[in-house]
Amino acid sequence: MMHIGTVIKLERIKRDMKLEALAKGVCSVAHLSRIENGQTNPRKEIQQKLFKRLEINIDNPTSQINTDLQEKIDEIYRDCVSVINSRDHQGASNIVSQLSKLLKSNGLNAKVTIDLNLLLFRMLLLQKENVNRIFEQMKKIQHANLILNPLQEFRVYMITGIAAYGCGQIKYCLNEFTKGAKLMEEIPLSQFERADFLYMQSIVQTATNRSVEALKNVKYSLEYFRSKLAYRRVIECLIVCGTVYKQLNQINQSLEKLHEAERIAIEFQLKNFLGIVYQNIGSAYSIKGDPNRAIMYFKNSLEYKKKPAESIYTVFSLVKETKKLGNEKELAHWVQIGERMIPKLQEPSRTLFQIHFNVYQALQSKDELQIEIQLLVAYDFFKQSSKISQWKEYGKMLANFYERNGQYKKAVQYYKEIVE
């Protein structure tokens, strides 16, 4: 049975309220702690005072929801699916307002109150505001050992994973999604929620080079979203497919998926995707050994990117491709543009790209000592960050550097590390 203490603890965490603040003038901190942990039921008078301070209303923790209220809740859930599929930030904001009002209304029970709170967190994440705060709150919720049903536990794993990913905590995200995936097989889950979760999981699996697992998961999501004509989600899945095929060095399959994403984006006026689609097509041609075509698509990508946080990836790609062609003038041009963008970035992207550009500034200077220092910094940073492809890329560059300078033992050491 869902305990009222679970609701009280969740609402307190959501408000960043300490036990002492909630208990003050109502009961002792020790008594409130016992209530929250399900060790005792509060007297009606104490319960009402706690609810008033938390701005919630629950007459009976296990009461049935009346038909009108249930229909309203069902409608909000349907709207949430639409908003998630369309990535509608304003729609998410509207639902946050609806949920906030609903959570203060009469007639809710403990289970539904928790369900709606988790939905509220999901919508807040979709707004992409205060992601760090939500991540910290979700960690507190997990550490609080709330009495949740399996579906609620699954949603906590998913929301925490999404928040962790948004904060650049890739390892934490992967761990949460792994726990969610195990639980997913034991609970009745809607097709949408399964497809949405597997898509999110495939993204972090792609980021950590778990290519085979990522491809299996994203194919399920792609099939589902195709069947629902959810073209925005179809494009997202195709981009993941294209990225995974690149990791597997199946470049023709990658280009096939990415050009399909391009066609859908143009046909259905979803041109905001073209920046990332062209970025990935350029990357595929880079791997294929065609830097001129890669540069063409990277430049196309820049035309659709307005924010420095988006453009910096493409500018860095242009730096690497112009370096391959030995075009010193173009290399200097793109390095300079990238350096101007870096101060406008938020962490952790600012540090990440500063490390990237430091390497290419050193390469441009031809100062051997600086080249070695910056390559070592980049190698260690990406190794510790578990960014496998970038770690291996700088490992290979280090090995080549030492080989070129006749330091063959060091060259072999780095070759071995990136192979193993």
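Sequence positions, counted from 1, serve as the residue numbers for this chain. Only a predicted model underlies this, so the values are computations on that prediction, with no experimental measurement involved.
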Open item on the list: Any salt bridge linking K324 with E321? Criterion: basic side-chain nitrogen under 4.0 Å from a carboxylate oxygen.
Closed with: yes

TODO: Can you spot which of L108, V112, T113 makes a side-chain contact (heavy atoms from CB on, under 4.5 Å) with V7?
DONE: T113

Task: Backbone of Q279 reached by a side-chain donor or acceptor of S283 within 3.5 Å - done: no

- [ ] Could you label the plane-to-plane angle of the Y414 and Y379 rings as parallel, tilted or perpendicular, counting under 30° as parallel and over 60° as perpendicular?
- [x] perpendicular

Task: Electrostatic pair K392:E417 at N-O distance under 4.0 angstrom - done: no

Open item on the list: Regarding K140 and E136, does a basic nitrogen lie under 4.0 Å from an acidic carboxylate oxygen?
Closed with: no

TODO: Quick one: which residue pairs count as a ring-ring contact (aromatic ring centres under 6.0 Å, His included) with a foot in residues 175-210, not counting sequence neighbours?
DONE: F154-F197, F177-F197

TODO: Please confirm whether the backbone N or O of Q39 pairs with a side-chain atom of R34, one donor and one acceptor, at under 3.5 Å?
DONE: no

TODO: Inspect the contact between K216 and E213 and indicate whether a charged nitrogen and a carboxylate oxygen are less than 4.0 angstrom apart.
DONE: no

Task: salt_bridge(K24, E20) N-O dist < 4.0 Å - done: no

- [ ] Look at R122 together with D196 and state whether they make a salt bridge at an N to O cut-off of under 4.0 Å.
- [x] yes

TODO: Give a yes or no on whether the backbone of G282 and the side-chain of S286 come within a donor-acceptor separation of less than 3.5 Å.
DONE: no

Task: Expected output: side-chain N66 to main-chain D68 donor-acceptor under 3.5 Å - done: yes

Open item on the list: Per the ring-ring contact (aromatic ring centres under 6.0 Å, His included) rule, what does the pair list look like for residues 338-358, sequence neighbours excluded?
Closed with: Y313-F353, F316-H356, F316-F357, F353-H356, H356-F382, H356-Y394

TODO: Determine yes or no for a side-chain-to-main-chain donor-acceptor pair under 3.5 angstrom, with T208 supplying the side chain and Q205 the backbone.
DONE: yes

Task: SB check K396 E393 (cutoff 4.0 Å) - done: no

Which donor-acceptor pairs under 3.5 Å do side chains of residues 251-258 form with protein atoms, sequence neighbours excluded?
{"unit_1": "N252", "atom_1": "OD1", "unit_2": "K288", "atom_2": "NZ", "d": "3.3"}
{"unit_1": "Q253", "atom_1": "NE2", "unit_2": "Q250", "atom_2": "OE1", "d": "3.3"}
{"unit_1": "S254", "atom_1": "OG", "unit_2": "G242", "atom_2": "O", "d": "2.7"}

- [ ] Examine the side chains of N358 and Q354 and answer whether a donor and an acceptor come within less than 3.5 Å of each other.
- [x] yes

TODO: Could you tell me whether the side chain of T243 and the main chain of I239 form a donor-acceptor pair under 3.5 Å?
DONE: yes

Open item on the list: Has R210 got a side-chain atom pairing as donor or acceptor with T206's backbone, closer than 3.5 angstrom?
Closed with: no

Task: N/O donor-acceptor pair under 3.5 Å between Q142 side chain and K139 backbone - done: no

Open item on the list: For the aromatic rings, using the six-membered ring if either is Trp, is the centroid distance between Y172 and F135 under 6.0 Å?
Closed with: yes

